[in-house]
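Notes follow the structure.
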Amino acid sequence: MREIQTAENKTLKLTNVVSRRIQPEEFNNMQIVLTQLHNFIKSSGAQPLGPIIQCVKIPAGPNPQPEVYMLIPRMEAGYTMDAVLRVRNCLYAHYVGPMSQSGLASQKLNIMAFEHELELTGTVYTVFVNQDDDEGVVDT
């Protein structure tokens, strides 16, 4: 039986985080944006200290426009730096399986929040821990 492990009241803590906002017009070209990030890291001689993390914020309102941030390990123009990024009281899901099904972790957290009457902020951090061909490990 497959299982997605979940937990409540977790704290996400990331150190020396650099983020870049992905503009809505770039959403359809995420692979290009990721390639640019990897090229920047290589060309600046930086070494990533961890996986790339995707943060999606869905604002409230009649026409919500999602904001997507990619968190990377070094800064350049267009990037912002946080020495410590701490997000408390998180719901957490650990997914292992086909990357094409990794969105199930977010769906499971939404169901968990509904069942326990928990209010969500609309912000989702996805940590791509490991990926090998189509299989991967994702923490949401």
Side-chain angles (χ1 to χ4, degrees):
M1 182 173 109
R2 295 183 182 183
E3 181 181 14
I4 299 172
Q5 300 170 353
T6 61
E8 292 183 50
N9 299 317
K10 299 293 281 183
T11 298
L12 172 66
K13 180 182 177 189
L14 305 169
T15 56
N16 297 320
V17 173
V18 177
S19 62
R20 177 189 183 275
R21 181 174 182 192
I22 313 293
Q23 300 300 324
E25 57 271 12
E26 296 177 289
F27 290 170
N28 292 331
N29 298 314
M30 288 301 287
Q31 191 57 48
I32 293 171
V33 172
L34 284 172
T35 300
Q36 290 172 340
L37 291 173
H38 286 289
N39 288 342
F40 164 71
I41 291 169
K42 287 179 188 176
S43 68
S44 64
Q47 291 295 318
L49 301 175
I52 288 184
I53 301 162
Q54 173 181 299
C55 173
V56 179
K57 296 181 179 185
I58 308 290
N63 296 315
Q65 185 67 260
E67 298 176 15
V68 178
Y69 296 84
M70 299 302 289
L71 309 178
I72 60 172
R74 192 161 171 183
M75 185 168 65
E76 186 176 272
Y79 299 94
T80 58
M81 177 74 178
D82 292 308
V84 176
L85 175 64
R86 190 181 319 262
V87 184
R88 298 186 191 279
N89 198 26
C90 294
L91 293 179
Y92 167 80
H94 180 75
Y95 172 86
V96 178
M99 288 303 290
S100 61
Q101 298 293 314
S102 63
L104 292 172
S106 290
Q107 293 174 16
K108 184 165 183 172
L109 291 176
N110 284 328
I111 291 168
M112 187 174 147
F114 173 78
E115 291 176 341
H116 294 93
E117 298 181 5
L118 301 172
E119 187 176 330
L120 299 177
T121 65
T123 300
V124 177
Y125 289 87
T126 304
V127 180
F128 298 95
V129 177
N130 190 15
Q131 186 174 353
D132 186 18
D133 294 326
D134 187 46
E135 295 290 310
V137 179
V138 177
D139 288 340
T140 303

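Index from 1, following the sequence.
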Pairwise distance CG(L104) to OH(Y95) - rounded to 0.5 angstrom: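 Here the rounded value is 6.0 Å.
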By side chain to side chain contact (heavy atoms under 4.5 Å, CB included) - contacts of [X] (at least two apart):
{"X": "V137", "result": "H94, V96, V129, N130"}
{"X": "T6", "result": "A93, K108, L109, M112"}
{"X": "T123", "result": "C55, K57, T121, Y125"}
{"X": "L120", "result": "L91, N110, A113"}

query: Looking at S106 and T140, what are the two nearest heavy atoms and their distance?
result: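 Scanning both residues completely, I find the closest heavy atoms to be OG-CG2, 3.5 Å.
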- request: Hydrophobic side-chain clustering at under 4.5 Å (ILVMFWY, transitive links): who's grouped with F114? Put none if nobody.
  value: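 Traced through the cluster, F114 reaches no other member.
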message: Counting only heavy atoms not in N9 (residues, nucleotides, ligands), do more than 12 fall under 6.0 Å from its CG?
response: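 Yes, because the 6.0 Å sphere around CG of N9 holds more than 12 heavy atoms from other groups.
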